[in-house]
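Chain letters run A, B, ... following the sequence lines, proteins first, then strands; residues in each count from 1. All values reported here derive from a predicted model rather than from experimental measurement.
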Amino acid sequence: MTEESFFQKVYQITKMIPEGRVTTYGAIARYLGAPGSARMVGWALNNAYSQDEFIPAHRVVNRNGCLTGKHHFHGPDVMQDLLESEGIQVKKDKIIDFQQHFWDPNKA
DNA sequence: CAGTTGACACCGT
DNA sequence: AACGGTGCCAACT
């Protein structure tokens, strides 16, 4: 928690997301101090996928609640299965009541 | 060293 | 309302 690079923070937050909760790129970016750099968050997760640790990035979606990077995961359907397993309803790669499951890092 | 990319977000047409 | 283009920051090639 010392040498927290931008990416490292993203990993921390992503791993910090409670089970059954989801968040958005903008929320994370804003928490990191880069409200306009939501793209960076996506990039970080892209690297997170290369990390040795498993990053529950399936809980991170865009503002639409759409599972944008599911293809970047272990599998295309694994992501949805994981979310459903956590109690999150997913329909066509989109989280139902996404806002209801929304988890704000700044609030945590 | 400079250019391109990256799983987005927002504004304008 | 739908679509396109631009803006953001950092890492990768």
Query raised in the report: To the nearest angstrom, how far is A/W43 atom CH2 from C/dC9 atom C1'?
Result: 11 Å
Requested in this report: Would you indicate which nucleotide in B/dA9, B/dA7, C/dC12 comes nearest to any side-chain atom of A/N62?
Outcome: B/dA9
Requested in this report: Select one nucleotide: of B/dC10, C/dC9, C/dC12, the one nearest the side-chain heavy atoms of A/S37.
Outcome: C/dC9
List the atom pairs, with distances to 0.1 Å, where a side-chain N or O of residues 13-41 of chain A and a protein N or O form a donor-acceptor pair under 3.5 Å, not counting sequence neighbours.
{"unit_1": "A/T14", "atom_1": "OG1", "unit_2": "A/V10", "atom_2": "O", "d": "2.6"}
{"unit_1": "A/T23", "atom_1": "OG1", "unit_2": "A/W103", "atom_2": "O", "d": "3.1"}
{"unit_1": "A/T24", "atom_1": "OG1", "unit_2": "A/A27", "atom_2": "N", "d": "3.2"}
{"unit_1": "A/Y25", "atom_1": "OH", "unit_2": "A/T68", "atom_2": "OG1", "d": "3.2"}

Query raised in the report: How close or far is atom P of C/dC8 from atom CZ of A/F6, stated in whole angstroms?
Result: 14 Å
**Report entry** Same cluster (ILVMFWY, side-chain, under 4.5 Å), A/Y49 and A/W43
**Finding:** no
**Report entry** Rounded distance in Å - CG (A/L32) to C1' (C/dA11)
**Finding:** 15 Å
Report task. Check the distance between B/dA7's C1' and A/Q80's CD and give it to me in whole angstrom. Result -> 17 Å
Report summary line: note: A/F73, atom CZ; B/dA7, atom C1'; distance rounded to Å ~ 9 Å
Query - Sugar-phosphate, base or nothing in reach of A/A57, heavy atoms under 4.0 Å - result: base
Query raised in the report: Within less than 4.0 Å of OP1 or OP2 of C/dA11, is there a side-chain N or O belonging to A/R39?
Result: no
**Report entry** Protein-nucleotide distance (A/D93, atom CG; B/dA7, atom C1'), rounded to Å
**Finding:** 12 Å
Query raised in the report: Tell me: CE of A/M40 to C1' of B/dC10, nearest whole Å?
Result: 18 Å
Query - Check: B/dA7 base within 3.5 Å donor-acceptor of A/Y25 side chain - result: yes
Report task. Output the single nucleotide from C/dC12, B/dA7, B/dG6 whose closest atom is nearest the side chain of A/L45. Result -> B/dA7
Query raised in the report: For the pair made of CG in A/L83 and P in B/dA7, what is the distance, rounded to whole Å?
Result: 19 Å
Report task. Check every atom of C/dC12, B/dA9, B/dG6 against the side chain of A/N46 and return the nucleotide holding the closest atom. Result -> B/dG6
Report summary line: Residues of residues 100-108 of chain A with a heavy atom under 4.0 Å from any atom of DNA chain C, listed by number, are none
Requested in this report: Please indicate whether A/N64 has more than 12 foreign heavy atoms, meaning atoms of other residues, nucleotides or ligands, lying under 6.0 Å from its CG.
Outcome: yes
